[in-house]
Amino acid sequence: MTPHSLAFYVDVVTTGTMLGVGPADSPDRVTEALGPDFAENTFGSRSMCRDYGLAEFHWDRAFADRPWSGSHFTLQVHRLAYRDRTLVNEELRSRYGWFTPRSGSGSCNVC
């Protein structure tokens, strides 16, 4: 694990946020912090997930005309095994540096 990735993981675990945004933040606020490069999945009109590569943020709402309410976010660290350097977006790299892809051996190393 590099000092860059270690600092990232420590920040996420100790603050419960990623670049200052957490589960309770709106989709617009998360995109403001993490950038516009995401894939969006909706599940009917009441659930939504945005995939930012290394993290996925999830929202729900009671009715289609109500605002989104954040439920959680997950780190998808296993994706570092794909060795796709674009997985860690520009916003994360500018704050933490480059993450070396982890090996496909099943270990938890992020070198």
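We use all heavy atoms of the structure for the numbers below, so side chains are in, but hydrogens, waters and symmetry mates are not. Residue numbers run from 1 in the order of the sequence given.
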Side chain to side chain contact (heavy atoms under 4.5 Å, CB included) between R95 and L19, intermediate numbers included: CA-CA 8 Å; R95 171 113 180 239; L19 294 179; 3.8 Å; yes
N41 atom CG: more than 12 heavy-atom contacts under 6.0 Å: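 Buried by this count: over 12 neighbours within 6.0 Å.
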Exceeds 12 heavy-atom contacts within 6.0 angstrom, atom CD of E90: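 At most 12 heavy atoms, drawn from other residues, nucleotides or ligands, come within 6.0 Å of this atom.
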Test side chain to side chain contact (heavy atoms under 4.5 Å, CB included) applied to V77 and Y9, step by step: CA-CA 10 Å; V77 177; Y9 298 127; 3.6 Å; yes
Aromatic plane relationship, H72 with H58 - under 30° parallel, 30 to 60° tilted, over 60° perpendicular: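 Plane angle under 30°, so parallel.
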On a heavy-atom basis, which atom in [X] and which in [Y] lie closest, and how many Å separate them?
X   : Y   : answer
A55 : M18 : CB-SD, 3.3 Å
P27 : W59 : CA-CZ2, 3.5 Å
F73 : V21 : CE2-O, 4.3 Å
F43 : C49 : CE1-CB, 4.0 Å

Partner set under salt bridge (charged side-chain N to carboxylate O under 4.0 Å, His left out) for E32, not counting sequence neighbours: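 Checked E32 against salt bridge (charged side-chain N to carboxylate O under 4.0 Å, His left out); matches are R29.
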Note, N89 side chain near F38 side chain (heavy atom, < 4.5 Å):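 In short, these two side chains do not touch, never coming nearer than 4.5 Å.
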Side chains of F8 and L54 in contact at under 4.5 Å (non-hydrogen atoms): yes
Short side-chain to backbone donor-acceptor contact, R93 and V88, under 3.5 Å: yes
Any pair counted as side chain to side chain donor-acceptor pair (under 3.5 Å), so long as it reaches residues 44-54, sequence neighbours left out: T31-R50, T31-Y52, E40-R50, S47-D60, D51-R79
Residue pairs involving residues 16-26 (criterion side chain to side chain donor-acceptor pair (under 3.5 Å); sequence neighbours excluded): T15-T17
Value rounded to 0.5 Å, distance of OG in S69 from CE in M48: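 If we round to the nearest 0.5 Å, S69:OG and M48:CE are 11.0 Å apart.
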